[in-house]
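I have placed the structure first, in the form of structure tokens, so that the comments after it can refer back to it.
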Amino acid sequence: STLTYPSDAEAHFEELRKVLSGWFDYAAKKFMADMKNPYHCGEGYCGPWIENRWIKRFLGGWENRSSGTRLSDIFGPFIPIFMTY
């Protein structure tokens with residue numbers, strides 16, 4: 001079967017962002033409170049991690065897009081999920 005890009009991709013993307021928004025900055029709040037650092041620490045490194053940089057760059061591209069820009073104009077055939085792991 002062939003996958004097709006959904007006609008409501010932007011709405012789906014924004015719905016995912018809304019549902020995940022409560023968790024989006026959870027780590028930053030937790031680590032700021034516990035360690036005074038917005039990133040988690042592991043193996044002697046305390047961020048920023050690659051996912052932090054990826055989210056900042058690409059979510060910023062979406063949030064600062066020109067009027068009429070579609071999700072596929074920025075992300076091609078993908079619908080990104082911006083969540084740290």
Side-chain angles (χ1 to χ4, degrees):
S1 78
T2 302
L3 297 175
T4 58
Y5 201 75
S7 60
D8 65 344
E10 289 79 14
H12 181 66
F13 174 68
E14 291 301 338
E15 180 181 1
L16 285 172
R17 284 185 62 195
K18 182 179 178 182
V19 169
L20 296 173
S21 66
W23 296 100
F24 190 73
D25 62 351
Y26 171 80
K29 289 177 183 174
K30 177 174 177 22
F31 294 116
M32 280 297 290
D34 294 350
M35 296 180 280
K36 308 297 184 238
N37 183 349
Y39 308 105
H40 73 278
C41 298
E43 303 299 322
Y45 179 69
C46 291
W49 297 85
I50 193 166
E51 66 265 26
N52 303 118
R53 293 187 185 274
W54 188 86
I55 289 169
K56 183 176 181 179
R57 177 176 178 188
F58 289 102
L59 185 56
W62 174 250
E63 291 175 339
N64 298 311
R65 70 192 180 281
S66 300
S67 179
T69 301
R70 302 292 310 263
L71 196 65
S72 61
D73 295 335
I74 299 173
F75 301 107
F78 305 102
I79 298 176
I81 299 173
F82 291 105
M83 179 59 77
T84 58
Y85 48 91

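If you're wondering where the values come from, they're calculated on a predicted model, not measured in any experiment.
At least one donor-acceptor pair under 3.5 Å links the side chain of Y45 to the backbone N or O of P48.
Ion pairing between a basic and an acidic side chain is recognised when a charged N comes within 4.0 Å of a carboxylate O; E14 and R17 show such pairing.
In F78, the CZ atom is not crowded: 12 or fewer heavy atoms of neighbouring residues, nucleotides or ligands sit closer than 6.0 Å.
Closest non-hydrogen pair, I79 versus P6, comes out as CD1-CG, 3.7 Å. Taking both residues in full, the closest heavy atoms of G61 and I74 are given as O-CD1, 3.7 Å, listed atom of the first, atom of the second, then distance.
With ring centers used as reference points, W62 lies under 6.0 Å from F13.
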(request) For F82 and L20, run side-chain contact (heavy atoms from CB on, under 4.5 Å): C-alpha distance rounded to whole Å, both residues' side-chain angles, the deciding distance at 0.1 Å, then the answer. (result) CA-CA 9 Å; F82 291 105; L20 296 173; over 6 Å; no
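Atom CG of residue N64 and atom CG of residue L59 lie 9.0 Å apart, to the nearest 0.5 angstrom.
For the pair Y5 and S72, the minimum side-chain heavy-atom distance is below 4.5 Å.
Under the rule for a side-chain hydrogen bond (donor to acceptor under 3.5 Å, both in side chains), R65 has no partner lying at least two apart in sequence or in another chain.
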